[in-house]
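Notes follow the structure.
Residue numbering restarts at 1 for every chain, and letters A, B, ... go by the order of the sequence lines.
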There are 2 protein chains.
Amino acid sequence: MEAQAYSVFLRRLLSRSPLGEQERDAIAALHATPERIAANRDIVRPGEHRDHACLVVKGLAARFDQMRDGQRQLVAIYVPGDMCDLHSVPVDFTGWGLQTLAPSIITRIAHTELREAIAQHPEIGMVFWRDTVADGSILAKAVANVGRRRAQPRLAHLLCELGVRMELAELGTRTAYPLPATQVHLADMLGLTAVHLNRTFRKLKPEGVSMAAGEVRIESWHRLVETAEFDPAYLLLPIELAHRLGEGASTA
Amino acid sequence: MEAQAYSVFLRRLLSRSPLGEQERDAIAALHATPERIAANRDIVRPGEHRDHACLVVKGLAARFDQMRDGQRQLVAIYVPGDMCDLHSVPVDFTGWGLQTLAPSIITRIAHTELREAIAQHPEIGMVFWRDTVADGSILAKAVANVGRRRAQPRLAHLLCELGVRMELAELGTRTAYPLPATQVHLADMLGLTAVHLNRTFRKLKPEGVSMAAGEVRIESWHRLVETAEFDPAYLLLPIELAHRLGEGASTA
DNA sequence: CGTATCTTTGACGCAGTTCAAGGAAGGTGG
DNA sequence: CCACCTTCCTTGAACTGCGTCAAAGATACG
């Protein structure tokens with residue numbers, strides 16, 4: 001695995017699990033095939049049979065479900081360091097699709113190699129399982145967010161989550177981070193129409209929230225956390241980390 | 001583990017993974033503490049530290065997320081045979097809560113024992129991981145269902161899913177199965193109000209769908225599948241099984 | 001047999017959708 | 001470097017699905 005891919009992936013894993021020398025080496029030794037992919041391309045089509053997993057190295061990807069009329073719901077978003085279909089290791093046929101949102105670099109790793117690494121180092125199996133659980137926890141929160149929050153807090157919650165995740169990925173701070181997605185993408189994540197998302201954004205502007213040129217800027221983290229009822233517990237980060245994140249951001 | 005718990009749990013696992021003699025024996029040897037719990041009791045409170053997992057033997061349970069005003073969103077529903085917080089094995093602090101919907105029998109199994117079983121039989125680890133992936137896939141579908149479907153198809157989709165899962169659990173057929181939940185519970189699952197859920201139910205009645213005395217009855221499976229745009233692929237069942245389920249039910 | 005819980009119905013209001021069109025921004029080729 | 005074109009953003013006006021409030025029936029349970 002080349003340096004950049006290894007670095008972002010390891011950072012993601014370490015945010016939830018300690019890892020020994022041997023395990024790190026085993027992960028570094030995985031063969032990866034990086035690929036440059038344009039925005040809005042399908043990486044995995046629903047129903048496909050998979051023999052490798054995908055790691056987002058750069059850019060942005062999403063897992064989606066498609067209605068018969070072509071309408072898409074983006075059910076999960078993946079930032080650099082996320083292995084966006086680690087799921088496919090234990091279940092090699094998919095019920096979901098994956099697409100890029102922005103021009104991205106995606107790296108493929110064969111299931112055979114991943115399974116081999118798990119067989120050699122059982123702890124890696126546990127780390128991957130834990131990663132899947134974190135993914136599920138974020139999905140569960142998304143159900144609640146879409147099911148029980150109005151547009152404004154719903155968008156606020158998404159922006160809070162992405163802030164924390166981007167900060168963990170060291171791509172920015174939670175109050176100023178890159179988000180190379182369109183408003184249509186955000187609407188498809190939140191179960192809203194693009195028109196209404198746009199209006200919702202405008203209502204958040206007085207609160208000091210803006211998105212321009214693919215960059216989110218949040219003036220008052222506390223205010224946004226408040227309107228979102230955001231509690232990072234569901235990200236399943238170890239307590240020290242969660243605590244650090246729970247505190248006010250640079251600009252409180 | 002006593003016979004009933006073993007039988008329902010094994011059925012669930014086998015629906016997605018083959019299991020050898022040894023692995024079955026290891027699962028049978030787990031120590032379980034069954035407990036009778038009334039309806040609408042919290043089994044796990046959000047944020048709790050866990051040292052054992054819960055298996056639904058009888059009744060109905062749900063994973064929920066709670067808003068600050070007390071409103072709940074039920075993000076996942078668990079039928080007999082489901083290990084409703086297998087997640088807690090790799091991540092022993094919770095971001096979620098669990099509650100019963102109906103009077104239930106819940107069995108507790110210590111994490112130490114589960115981890116031991118995995119260490120002895122790596123295949124069990126893979127089976128559990130696979131189970132977690134299936135759970136996540138159902139969550140992903142729930143996001144799409146709540147985010148992108150109107151009340152009527154949304155309810156239809158839930159009823160289809162529960163039909164298939166109840167049939168797998170051998171508690172009924174997909175067109176006639178027990179559902180010991182109130183309309184308020186269903187509304188909390190679907191991100192609707194109880195009032196609107198009730199009206200939606202009435203609109204489905206002409207299509208031959210009814211719920212009375214805790215029993216769902218579906219006259220035309222095909223019609224319901226059609227209005228729900230239901231495709232069972234996301235349940236991640238092996239192809240033979242999925243195929244059998246894909247066909248028309250007893251009453252087509 | 002009485003009380004608590006659950007279901008059903010009506011009237012009204014609003015958040016979010018739909019349809020439609022104008023404006024900004026960014027990329028490409030001449 | 002400008003003209004053009006595509007994609008994305010923004011705004012307005014009218015419509016509607018679902019929420020809210022309120023109250024009356026039904027059902028189950030002790």
**Report entry** Check against salt bridge (Lys or Arg N to Asp or Glu O under 4.0 Å), Arg12(B) and Asp131(B)
**Finding:** CA-CA 9 Å; Arg12(B) 150 99 189 196; Asp131(B) 205 79; 2.9 Å; yes

I'd like a list of close polar pairs between nucleotides 21-28 of chain C and the protein, N/O only, cut-off under 3.5 Å.
none

Query raised in the report: Does any residue of residues 176-191 of chain B have a heavy atom under 4.0 Å from DNA chain C, and if so, which ones, in number order?
Result: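 Hits under 4.0 Å, by residue number: Thr182(B), Gln183(B), Val184(B).
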
**Report entry** Any residue of residues 58-76 of chain B with a heavy atom less than 4.0 Å from an atom of DNA chain C
**Finding:** none

Report summary line: Correct closest heavy-atom pair for Tyr78(A) and Arg165(A) would be CA-NH2, 4.0 Å

Query - Nearest non-hydrogen partners of Leu60(A) and Ala181(A), listed with the distance - result: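 For Leu60(A) versus Ala181(A), the nearest heavy atoms are CD2-CB, 4.1 Å.
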
Query raised in the report: What residue pairs, at least two apart or across chains, pass side chain to side chain donor-acceptor pair (under 3.5 Å) with a residue in residues 177-196 of chain B?
Result: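 Qualifying pairs: Arg148(A)-Asp188(B), Asn40(B)-His185(B), Thr182(B)-His185(B), Gln183(B)-Asn198(B).
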
Query - Results of salt bridge (charged side-chain N to carboxylate O under 4.0 Å, His left out) for Arg199(B) - residues two or more places apart only - result: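 Arg199(B) satisfies salt bridge (charged side-chain N to carboxylate O under 4.0 Å, His left out) with no other residue.
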
Query raised in the report: Quick one: salt bridge (charged side-chain N to carboxylate O under 4.0 Å, His left out) partners of Glu35(B), sequence neighbours excluded?
Result: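 Residues passing salt bridge (charged side-chain N to carboxylate O under 4.0 Å, His left out) with Glu35(B): Arg108(B).
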
Whole angstroms only, please: what is the [atom1]-[atom2] distance between [X] and [N]?
X	N	atom1	atom2	answer
Glu215(B)	dT7(C)	CD	P	15 Å
Leu192(B)	dA15(C)	CG	P	18 Å
Arg199(B)	dT7(C)	CZ	C1'	12 Å
Phe201(B)	dT9(C)	CZ	P	13 Å
Leu204(B)	dT7(C)	CG	P	16 Å

Query - Positions of residues 140-154 of chain B (non-hydrogen atom under 4.0 Å from DNA chain D), listed by number - result: Arg150(B), Ala151(B)

Could you list the residues that satisfy side-chain contact (heavy atoms from CB on, under 4.5 Å) with [X], not counting sequence neighbours?
X	result
Ala32(B)	Met1(B), Glu2(B), Thr107(B), Ile109(B)
Gln152(A)	Thr200(A), Lys203(A), Leu204(A), Glu207(A)
Ala228(A)	Ala156(A), His157(A), Cys160(A), Phe230(A)

Query raised in the report: Do Arg72(B) and Asp65(B) sit within salt-bridge range, that is, some charged N less than 4.0 Å from a carboxylate O?
Result: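 Answer for the salt bridge query: no.
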
Query - Salt bridge flag under 4.0 Å for residues Glu226(A) and Arg68(B) - result: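 Answer for the salt bridge query: yes.
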
Query - First and last nucleotide of DNA chain D, 5' to 3', lying under 4.0 Å from heavy atoms of chain B - result: dG17(D) to dC21(D)

Query - Side-chain donor or acceptor of Ser88(B) paired with backbone N/O of Arg50(B) under 3.5 Å - result: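 Between the backbone of Arg50(B) and the side chain of Ser88(B) there is no qualifying donor-acceptor contact (under 3.5 Å).
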
Report task. Work out how much the helix from dC1(C)-dG30(D) to dA21(C)-dT10(D) bends between its end axes, five pairs an end, to the nearest 10 degrees. Result ->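 Result, rounded to 10 degrees: 50°.
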
Requested in this report: Give Arg202(A) one of three labels, base, sugar-phosphate or nothing, depending on what nucleic acid heavy atoms sit under 4.0 Å from its own.
Outcome: sugar-phosphate

